[in-house]
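What follows is a short report on a single structure.
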2 protein chains.
Amino acid sequence: MISKRAKYALNALRELARDEKGGPLSAAIIAERGHIPVKFLEAILLDLNRAGIILSKRGRNGGHVLRKPATEIQMAEVLRLFDGAIGLVPCVTYNYYERCEECVDEETCGIRDVFVGIRAATVKLLQSATLADVLKRERKLRN
Amino acid sequence: MISKRAKYALNALRELARDEKGGPLSAAIIAERGHIPVKFLEAILLDLNRAGIILSKRGRNGGHVLRKPATEIQMAEVLRLFDGAIGLVPCVTYNYYERCEECVDEETCGIRDVFVGIRAATVKLLQSATLADVLKRERKLRN
DNA sequence: CCTAAATCCTATATGACATATAGGATTTAG
DNA sequence: CTAAATCCTATATGTCATATAGGATTTAGG
């Protein structure tokens, strides 16, 4: 299961993608539209800003916009940012690799081999799922 | 990430599969071979027994054996037993379905749509991964 | 029958983490 | 100058995963 932080982040980014050509959206508005606790969302938006995914403007008429086009923001990037590794076991991830303490021989572990395959499939799907793709899916689902 | 309970369970089951035609294995032996805390493993084996995956015999010369052939025990079954839902969000699972609180319209949610695809791919891989398959992979990896 | 070896069972410690809130400091436009 | 917004730090809070303790029960064999 992904964390609520990650889920809220995805929801917030979807709102920004929908608004891509409009003005900046405030945390309060995003929170309302996405049914997200405001203060919690603020922290999430801060992380997204620091990670270079959104651009946040302070002060009156401030708010948040996507820093890149919606075609270039992948769900994979967002999940990695908030939840770290995507794999189901620590020994199958690229960026967060960690040996399993109990592991006897990683090289010949058949269990690991299965999880390697799952990670590959998952990452592929999460990389092809950009915010633009998410909106496209929604248009399709509405018919 | 899957829980340690689930990982330990898979490791323990692999030991039993390797031993499939031998006598029952005690928790102590499995724990030693799999580098698992004994008492913790005991509780896990108890769950596996209650779930009908292994058969446990008490008393002297007691121990645990697979209740079904290794070709019929899927990793999917084991993960579901210990970690519950396999999907990355509660709204995409068959057996543990739960609506996302913050969800506005599940039917047309593009984010959910992506996770539906991931769950399908993951479940497929976990179902085809039986204990026999795991052992087969290990023989292959040793070459 | 007795003992050793094993599973079975319940309770509990404990530490980590995710979720969430509080309260304010800072910036910015009008 | 003020209102609206982000930014920042600290903290509460509860839940859960991991793990251990201590014994009750069963079973085979000498």
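Letters go in sequence order (proteins before strands), and every chain restarts at 1.
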**Request:** Kindly indicate, with the supporting measurements, whether the criterion salt bridge (Lys or Arg N to Asp or Glu O under 4.0 Å) is fulfilled by A:K4 and B:E102.
**Result:** CA-CA 10 Å; A:K4 285 205 167 188; B:E102 76 277 9; 5.3 Å; no
**Prompt:** What is the nucleic acid contact for B:F82, judged by heavy atoms within less than 4.0 Å: base, sugar-phosphate only, or nothing?
**Reply:**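 Counting heavy atoms under 4.0 Å across all strands, no contact is made by B:F82.
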**Message:** Does A:A27 reach a base, just sugar-phosphate, or nothing at all? Heavy atoms under 4.0 Å.
**Reply:**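 A:A27: backbone/sugar contact only, no base atoms under 4.0 Å.
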Give the nucleotide from the list [options] with an atom nearest to the side chain of [X].
X	options	result
A:K4	C:dA20, D:dT6, D:dT26	C:dA20
A:R5	D:dA19, C:dC8, C:dT19	C:dT19
A:K39	D:dT6, D:dT27, D:dC8	D:dC8
B:S26	D:dT25, C:dA6, C:dA18	C:dA6

**Request:** Nearest-nucleotide wise, let me know which of A:E42 and A:R60 is further upstream toward the 5' end of DNA chain D.
**Result:**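 The answer here is A:R60.
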So, is [X] close to the [N] phosphate, meaning a side-chain N or O under 4.0 Å from OP1 or OP2?
X	N	result
A:Y8	C:dT19	no
A:S56	D:dC7	yes
A:N49	D:dT6	no

**Item:** Check ion pair B:R80-B:E77 (N to O, under 4.0 angstrom)
**Value:**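 Judged by the 4.0 Å cut-off on N to carboxylate O distance, B:R80 and B:E77 do not form a salt bridge.
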**Prompt:** At what distance, to the nearest 0.5 angstrom, does CG of B:L88 lie from NZ of A:K7?
**Reply:**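 Result: 11.0 Å between the selected atoms.
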**Asked** Is it the case that B:R119 places NZ or CZ above or below the six-membered ring of B:Y94, under 6.0 angstrom from the centre and within 45 degrees of the axis?
**Response**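 Yes, a cation-pi geometry.
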